[in-house]
Undergrad: 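Please find one structure pasted underneath; my questions will follow.
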Amino acid sequence: MKNSLELRGRIPLMHEAYDIQHVQEKWLPIWDQIEPFKSGRADDPRPKKYVLDMFPYPSGDLHMGHAEAYALGDVIARYWVQKGFNVMHPIGWDAFGLPAENAAIKRNADPRAWTYENIAVQKASMRRFACSFDWNRVLHTCDPEYYKWNQWLFLELYKKGLAYRKDSAVNWCPDCQTVLANEQVVAGLCERCDNAVTKKKLNQWYLKITDYADRLLDDMSQLEGQWPEKVLMMQRNWIGRSIGAEVKFVIEGRSNPVTIYTTRPDTLYGATFMVVAADSELAAELVAGSGVEADFAKYLDGVKAATDIDRLATDRPKTGIFLNRYAINPVNGEKLPIWASDYVLADYGTGAIMAVPAHDQRDLDFARAMKLDVKVVVDTGEEDPNVTGIATGGDGKMINSGSLNGLSKSDAIAKIIEELAAKDAAIAAKNYRLRDWLISRQRFWGTPIPIIHCPSCGEVPVPEDQLPVELPDATGIDLKPKGSSPLGAIESWVNVPCPKCGAAAKRDADTMDTFFDSSWYFLRYTSVDRHDVAFDKKAVETWLPVDQYVGGVTHAILHLLYSRFFTKVLHDLGHLNFTEPFTKLLNQGMVLMDGSAMSKSRGNLVRLSDELATHGVDAIRLAMVFAGPPEDDVDWADVSPSGSVKFLNRAWRISGDVTSKPGVDFKTGDLALRKVVHKSLHDISFAVESFRFNVAIARVMELVNATRKAIDSGCGPSDPAVREAAEAIAISLSLVAPFTAEEMWENLGHKPAVALAGWPTIDPALLEADSVTAILQINGKILERIEVSPNISDSDLEKLAFANPTISQAVKDAEIKKIITRAPKLVNIVL
RNA sequence: GCCCCCGUAGUCCAAUGGCAGAGACAGAGGACUUAAAAUCCUUCCAGUGUCGGUUCGAGUCCGACCGGGGGCACCA
């Protein structure tokens, strides 16, 4: 045979594979010249797509997690480029933060050097990793050029009353020697260093994210189906809206009533005592003159000494102290003893509750510990909580509740609020678990807060024309954490005249939480060349919202919630014409080794640079993307990079086998192979667009297998369909294995870049199968399979079924109850 | 304690309610080779965690349970 003779001549009997390292070195400079991923040319007629990867923190070189994240983001960005979109796919660095500062302390140097060195290392690695970033849109949050706009934004928030200072017991990490936002405390531990977080009373800056709680919740309807359900759930839980009522209780011997918050006003008749948070101002006020001040002070000391870890213990016994005061239940005038306890939180609701032990487990635990009354007011059909010690929290019929008797929970809630509202004793109310965002940090390496404290004028914003307030050089300055910002010790920096009155004043020495930086960086990419504005309104309106955001689920409630908040604020300030920043979100999983997160101390660290040196960039990218669904964790122990190398070589060899010339008319090619090509392209598109990249690659593998077969034992290497297949393989592979794809593209006689080749047009006529297998069932059991036309009608298929000997034999004279026909797939005859 | 997600070959994973297997890893065998590697071909392996329900038909939908993972956690 001519084909096999040709083959023997062409393929050396020895192993044939391309030199991975050589190919990588070969194409990088060529791509640098072509810049296939430069976006936003003014004359670009293509429709836009904004594909965004979460920007990295520059701590050392890229690791396996980066490799996965950027491989996935790249598939999406490169796909849309192939589909003819003007894709913006930028990258930058989230460059402020503690690791740089800690490294600087260790080296007794300025954090800048360490930061920019690492950025350079990562940038070089990203280039070698063939990330399709637009290198003309880079930003670093630690550049004064960037953080100037943090300060501008802060002042915008300040002007709107959305940035404010208050005294509060804040989360304090004794190890990092700085305060933490609520979101940065994970199970009572600091998210950075895993040390137990304590409380400290400080005056700090907050952003009023709670003003946006309802919109942050309600606008999630726009994200439904576009964001992972898991992230939406986490944000919902985090915001934690609850609906209930505020009820006023008159206090004996106090002129003003105390307001409590409850979600169960229906159980008001069951209230048997009141509890106030031991660490609240209300408790301190109520205890004054009660005669139990000393006991209370002792109890409070114990409460303050407890860490969050102690508080989190689930089996912690209830403690508290009777304040020797009484409240009057507004529904029946009963006298309720007032207790102070640490099971009531000072900063949720009003810091005071009515206790209904029969229907709330915590209240019941407390009542049993303190021998207080338990009064059942809802008949749920369950056993008496007095006996069981289990509170009955469910719905039922109201009893012992005056005018509410016989009502259901929801009816009783509505009725009692109405009754009490008429007496000005209650009002429907909402509460949130979400707290305002504490942004002050007592550290050096961050954005200085642009406020000057003047002894006579108070807080004075730094005038806009004096922005940025730049960080001084840290060389020779003690950056060691000591509970107050190192900036405060730099006399030449901190002492300034008041912008208002000119008197001696001091700069605010704290810096901003670095999450401030990342809450709007996606806007800045559109305008990195603009020095007069944070972002160009028109450019932002062109590119935003981000069409596709890719990043780790670790940011589900921190970065993603803050970014949504900033977007809404900027919208309200008239800077944006949209309210949600990220239309679609993909959360990739983590890269594990032997079932657990990689770490040096655990001894299971896989170094990305080693893997790249052994298997090459393409194989690692392919292995990451093929390992499974992107949102699942990848266990590197289950992954076979050498299998990827094998496949890429197999694909690459096909490009060398093709003997037809570029531009040959595919229509004259082998029909069977052409159908496989078009079906594959169609399936690959569909899989990529639905984030099933592993499936997309499986389809490419099938196409490679089919083409191999066609070359070796089918239509042969000169058939135009083989070229069509090889080109489809190269273009498909360009999403995940750019070096191999470019090499194939060149082998096929084309000029670079394959990234810009364009997704082949799919011929719908070629998507139709010649025949499909229909299954013939009796009572749901498969008896026969027949080949039929894909366009067969239900009735024709039924006729064929009854004509089938096996079926007619099975049916015989039996009574047919039902025939279910789904042409062209099956006929099911129910006897 | 409350909420959410997931259980398919030895492994990683596919399968608009319609033939459980697309793809791969590992294993076995064969061709080629003096041999090995590489390459090519062939092949073994589960009835979908358990029990029940809905349906002509369930891996897929519903309920309970078991197992694994995650989120929140004294939020009134």
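Residue numbering restarts at 1 for every chain, and letters A, B, ... go by the order of the sequence lines. Keep in mind the model is a prediction, meaning the values are calculated, not measured. Side chains are part of it too, since the values below use all heavy atoms of this structure and drop only hydrogens, waters and symmetry mates.
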Undergrad: Counting side-chain heavy atoms from C-beta on, which of C74(B), C40(B), C13(B) comes nearest to Pro629(A)?
TA: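 Among C74(B), C40(B), C13(B), the one nearest the side chain of Pro629(A) is C13(B).
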Undergrad: Look at the side chain of His359(A) and the backbone N and O of Ala391(A), then say whether any donor-acceptor pair between them is shorter than 3.5 Å.
TA: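 Absent.
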Undergrad: Taking any heavy-atom pair under 4.0 Å as a contact, classify Phe647(A): base, sugar-phosphate, or nothing.
TA: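 Answer is nothing: Phe647(A) stays at 4.0 Å or more from every strand.
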Undergrad: Check whether Arg822(A) reaches the backbone of Val827(A) with its side chain - one donor and one acceptor, N or O, closer than 3.5 Å.
TA: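 Not a single qualifying donor-acceptor pair exists.
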Undergrad: Examine the side chains of Glu798(A) and Thr821(A) and answer whether a donor and an acceptor come within less than 3.5 Å of each other.
TA: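 Checked: Glu798(A)/Thr821(A) side chains pair up, N/O donor to acceptor below 3.5 Å.
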Undergrad: Under 3.5 Å, side chain of Thr272(A) to main-chain N/O of Asp373(A), donor-acceptor pair present?
TA: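 Yes.
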Undergrad: Considering only nitrogen or oxygen atoms on both sides, find all protein atoms under 3.5 Å from nucleotides 52-56 of chain B and state each distance.
TA:
| residue | atom | partner | partner atom | Å |
| --- | --- | --- | --- | --- |
| C56(B) | OP1 | Lys818(A) | NZ | 2.8 |
| C56(B) | O2' | Asn828(A) | ND2 | 3.4 |
| C56(B) | O2 | Asn828(A) | ND2 | 2.2 |

Undergrad: Give the rounded distance in Å between these two atoms: CD1 of Ile775(A) and P of A20(B).
TA: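 So the two atoms are 7 Å apart, to the nearest Å.
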Undergrad: Let me know, please, whether Ile697(A) or Arg785(A) comes out on the 5' side of the other along RNA chain B by nearest nucleotide.
TA: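 Result of the comparison: Arg785(A).
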Undergrad: Please give me every residue in residues 681-695 of chain A whose heavy atoms get under 4.0 Å of an atom in RNA chain B, ordered by residue number.
TA: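 The answer is Arg692(A), Asn694(A).
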Undergrad: Indicate, with a heavy-atom threshold strictly under 4.0 Å, whether Asn705(A) touches base, sugar-phosphate, or nothing.
TA: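 Sugar-phosphate: the residue Asn705(A), judged by heavy atoms under 4.0 Å, touches backbone atoms but no base.
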Undergrad: Do Lys318(A) and Phe366(A) form a cation-pi contact, if we require the NZ or CZ to be under 6.0 Å from the six-membered ring centre and within 45 degrees of the ring's axis?
TA: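 The answer is no, since Lys318(A) fails at least one limit relative to Phe366(A).
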Undergrad: Please evaluate the base of A22(B) for a donor-acceptor partner in the side chain of Arg699(A) within a cut-off of under 3.5 Å?
TA: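 Looking at the base of A22(B), it does pair with a donor or acceptor on the side chain of Arg699(A) (distance under 3.5 Å).
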Undergrad: Can you find a pair of side-chain heavy atoms, one from Met590(A) and one from Val634(A), that are under 4.5 Å apart?
TA: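 SC-SC contact between Met590(A) and Val634(A) ruled out.
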Undergrad: So what does Lys646(A) touch, heavy atoms closer than 4.0 Å: a base, only the sugar-phosphate, or nothing?
TA: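 Sugar-phosphate: the residue Lys646(A), judged by heavy atoms under 4.0 Å, touches backbone atoms but no base.
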Undergrad: Name the pairs: protein N/O against N/O of nucleotides 66-71 of chain B, kept only if under 3.5 Å.
TA:
none

Undergrad: Suppose we screen for ring pair (Phe, Tyr, Trp, His ring centres under 6.0 Å). Which residues come up paired with Tyr269(A), at least two apart in sequence or across chains?
TA: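 Tyr269(A) satisfies ring pair (Phe, Tyr, Trp, His ring centres under 6.0 Å) with no other residue.
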Undergrad: With sequence neighbours left out, what residues match Pro641(A) under side-chain contact (heavy atoms from CB on, under 4.5 Å)?
TA: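 With neighbours one apart ignored, the set is Glu611(A), His615(A), Ile620(A), Trp636(A), Val639(A).
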Undergrad: Under a 3.5 Å cutoff on both atom distances, Watson-Crick or G-U, what's the dot-bracket for RNA chain B ([ ] crossing, | other strand)?
TA: (((((((..((((....[..).))).(((((.......))))).....(((((..]....))))))))))))....
Undergrad: With a 3.5 Å cut-off and no angle check, do the side chains of Glu787(A) and Thr773(A) form a donor-acceptor pair?
TA: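 There is such a pair (donor and acceptor under 3.5 Å, judged by atom type) between the side chains of Glu787(A) and Thr773(A).
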Undergrad: Can you tell if the side chain of Phe691(A) reaches within under 4.5 Å of the side chain of Leu72(A), non-hydrogen atoms only?
TA: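 Result no, sub-4.5 Å side-chain heavy-atom pair not found.
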Undergrad: Counting only side-chain nitrogens and oxygens, does Arg708(A) get under 4.0 Å of the OP1 or OP2 atom of C41(B)?
TA: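 Answer is no, no contact under 4.0 Å.
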Undergrad: Could you tell me whether a side-chain N or O of Glu246(A) sits under 3.5 Å from a main-chain N or O of Gly349(A), the two making a donor and an acceptor?
TA: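 Not a single qualifying donor-acceptor pair exists.
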Undergrad: Contact class for Ser644(A) (heavy atom, under 4.0 Å): base, sugar-phosphate, or nothing?
TA: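 It contacts nothing in the nucleic acid.
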